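So the structure is just underneath, and the comments pick up after that.
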Amino acid sequence: MIRKKVLCSSLILFALLLSKLYSTPHNNASNGDKIVEPKLVVVPAHHGDEEEKKEKSNSFESYMNSLTFAEDSLPMDRPLVESKLRKFFNRFSFKKTGSYDMHKKAETYLPMIAKILKSHGIPEDFKYIPLVESGLSKAVVSSKGAGGYWQFMPATARLYGLKVNSTVDDRKDLVKSTHAAARYLKYLYAQFGNWTLVAAAYNVGDGSLRGSIRRQKKDDYFALKLNNETGSYVYKLVSMKEIIEHPQKHGYSRYANKESETLDKEPNML
C-alpha cells in the first residue's frame, strides 16, 4: 500500500516537472543574458533619381518657355503647341536624320541670308525658310512648280524682280532670290502686321490666309484652323531654328558650340 502511494506521488511529481519544463520559454541565452527582439531597420528611400528627373523636367520646361519666333514668345500654355514642337524636334533630330548636312549648309549660307534679310528689315528667324522649304538646295522643284532656294512659284518670282524663263532661272541664285524673298515678306507684313502670320502667308498665300482669318474671325496663327502644311509651318521654322542654334540639345554633338555645352549638361533632352 505504501509502495503504491510512493509510486503515485512520484508520477505526480514527474508530471509537474514535465509541465513546468514545457511551459518555460526555451532560449540559448546564458549567464542571465536578456533576449532582445530584432528591430526592423528602415532604410531611407534613395531620392537621387527622382530629383534628377525633376531637375531635367524643370530644365526642359524652362527651355520650352524660352522659345520664340521673330522675337515673339510662343503660347506654351496650350498643350497642342508643345506637342507639335516635340514632333518636329524629333523629326529634325540627329537620331532621325543621322546627318550633319543641315548644319554644314547653315554654317555656309545662313550668315549671308541673315545679312540680306536685315538690310530689308526682316527678322533673322526668316533665314530658316530656305532650310525648311528646299534644304538650301537650288535644284528642288515642287509638284506645283515652285523652285529654287526659297521655292518661289514662277509668277511670284517675276513679280518680285526675278527672271524665270527657258534660259534663266534667278530662283536658283541665292543672293537674288533672297532679296526677292525679303521684298515679298515685307509686302506680307504690310498686309498682316504680324510676323507669325507672315510666315503662314508665305506658305499658303496671302489671299488664302486672309480668307481663313475672315471666316474664322481670328487673327492668331496658333488658334486658326489651317491646312496641315500651313498649320505646321511655323512649328517647323521654330524647330529648325532650335536644331541649328542649340545642336547639343538635339543630338548634333559635333556642332555643339561652347555655349550650348555649358548650358546643356544633358544631350538629347527631347
Side-chain angles (χ1 to χ4, degrees), residues 67-72 74 84-85 87-89 91-92 97 101-157 159-162 164 169-206 208-209 221-222 226-246:
L67 301 181
T68 62
F69 179 72
E71 299 184 359
D72 285 340
L74 305 184
K84 293 183 85 167
L85 282 170
K87 172 184 175 181
F88 291 107
F89 282 152
R91 181 178 297 183
F92 295 142
T97 64
D101 285 349
M102 286 190 299
H103 286 78
K104 291 176 183 177
K105 290 180 178 180
E107 191 175 45
T108 302
Y109 299 115
L110 291 191
M112 181 271 289
I113 294 173
K115 185 177 180 180
I116 293 174
L117 293 177
K118 184 178 180 180
S119 71
H120 290 268
I122 306 299
E124 186 173 340
D125 286 354
F126 282 87
K127 70 184 180 183
Y128 296 104
I129 285 181
L131 264 174
V132 169
E133 289 283 350
S134 66
L136 272 172
S137 171
K138 64 182 179 181
V140 174
V141 179
S142 75
S143 59
K144 295 181 179 179
Y149 294 101
W150 289 82
Q151 289 293 285
F152 273 119
M153 293 295 289
T156 307
L159 184 62
Y160 287 92
L162 299 180
V164 181
D169 191 345
D170 285 340
R171 296 177 299 175
K172 296 180 180 180
D173 184 308
L174 185 56
V175 173
K176 290 180 179 179
S177 63
T178 300
H179 278 289
R183 290 190 289 269
Y184 181 40
L185 291 168
K186 183 177 286 189
Y187 160 78
L188 292 174
Y189 186 75
Q191 301 300 306
F192 297 100
N194 175 278
W195 288 115
T196 306
L197 291 176
V198 166
Y202 187 91
N203 176 256
V204 75
D206 55 315
S208 179
L209 184 61
Y221 170 81
F222 298 100
L226 303 166
N227 68 71
N228 185 58
E229 184 181 347
T230 307
S232 299
Y233 197 67
V234 171
Y235 296 97
K236 288 180 182 179
L237 291 175
V238 173
S239 298
M240 184 62 71
K241 170 187 174 183
E242 293 303 310
I243 293 292
I244 300 302
E245 295 186 4
H246 301 286

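By convention here, the first residue in the shown sequence is residue 1. Quantities reported herein were computed from a predicted structural model and do not represent experimental measurements.
Under the 4.5 Å side-chain criterion, counting only non-hydrogen atoms from C-beta, Ile116 is not in contact with Lys127. By the 4.5 Å heavy-atom criterion applied to side chains, Leu226 and Tyr221 are counted as neighbours. Proximity of Trp195 to Ile122: side-chain heavy atoms (C-beta onward) are separated by under 4.5 Å at one or more points. A heavy-atom distance below 4.5 Å is found between the side chains of Thr196 and Phe222.
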Test log, rule side chain to side chain donor-acceptor pair (under 3.5 Å), inputs Tyr128 and Glu242: CA-CA 10 Å; Tyr128 296 104; Glu242 293 303 310; over 6 Å; no
Using side-chain contact (heavy atoms from CB on, under 4.5 Å), reason through Leu209 and Thr230 one step at a time and then give a plain yes or no. CA-CA 9 Å; Leu209 184 61; Thr230 307; 5.5 Å; no
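One distance of note links CD of Glu124 with NZ of Lys115; it measures 13.0 Å at 0.5 Å rounding. Taking CG of Leu131 as the reference point, atom CD1 of Ile244 lies at 5.5 Å (rounded to 0.5 Å). Distance check, rounded to the nearest 0.5 Å: OH of Tyr149 to CG of Leu136 gives 7.5 Å.
Asp72 is linked by a side chain to side chain donor-acceptor pair (under 3.5 Å) to nothing, counting only residues two or more places apart in sequence or in another chain. The side-chain contact (heavy atoms from CB on, under 4.5 Å) search around Lys118 returns none, not counting sequence neighbours. Applying the ring pair (Phe, Tyr, Trp, His ring centres under 6.0 Å) test to Phe69 and every residue at least two apart in sequence or in another chain returns Phe126. Partners of Ser142 according to the side-chain contact (heavy atoms from CB on, under 4.5 Å) rule, which considers only residues two or more places apart in sequence or in another chain, are Lys144, Ala146, Gln151. Residues passing the side chain to side chain donor-acceptor pair (under 3.5 Å) test with Glu229, sequence neighbours excluded: Asn203. Evaluation of the side chain to side chain donor-acceptor pair (under 3.5 Å) rule for Ser119 yields no partner, not counting sequence neighbours. With sequence neighbours excluded, the residues satisfying side-chain contact (heavy atoms from CB on, under 4.5 Å) with Ala157 are Phe152, Leu162, Val164, Arg171. Contacts of Thr68 classified as side chain to side chain donor-acceptor pair (under 3.5 Å), with partners at least two apart in sequence or in another chain: Lys241.
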Side-chain donor/acceptor pairs under 3.5 Å, residues 174-186, sequence neighbours excluded:
residue: Ser177; atom: OG; partner: Asp173; partner atom: O; Å: 2.8
residue: Ser177; atom: OG; partner: Leu174; partner atom: O; Å: 3.3
residue: Thr178; atom: OG1; partner: Trp150; partner atom: NE1; Å: 3.0
residue: Thr178; atom: OG1; partner: Leu174; partner atom: O; Å: 2.6
residue: His179; atom: ND1; partner: His120; partner atom: NE2; Å: 3.0
residue: Arg183; atom: NE; partner: Tyr160; partner atom: O; Å: 3.4
residue: Arg183; atom: NH2; partner: Tyr160; partner atom: O; Å: 2.7
residue: Lys186; atom: NZ; partner: His120; partner atom: O; Å: 3.1

For residues 105-113, please give each side-chain donor-acceptor pair under 3.5 Å, one per line with the distance, not counting sequence neighbours.
residue: Lys105; atom: NZ; partner: Gly135; partner atom: O; Å: 3.0
residue: Thr108; atom: OG1; partner: Lys104; partner atom: O; Å: 3.0

For residues 232-240, run the donor-acceptor check on the side chains, cut-off 3.5 Å, and write out each pair with its distance to 0.1 Å, sequence neighbours left out.
residue: Ser232; atom: OG; partner: Asn228; partner atom: O; Å: 2.9
residue: Tyr233; atom: OH; partner: Glu133; partner atom: OE2; Å: 2.6
residue: Ser239; atom: OG; partner: Tyr235; partner atom: O; Å: 2.8

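When every heavy atom of Pro123 is checked against every heavy atom of Ala70, the shortest pair comes out as CB-CB, 3.9 Å.
Identified under the salt bridge (charged side-chain N to carboxylate O under 4.0 Å, His left out) test for residues 191-206, with sequence neighbours left out: Asp206-Arg210.
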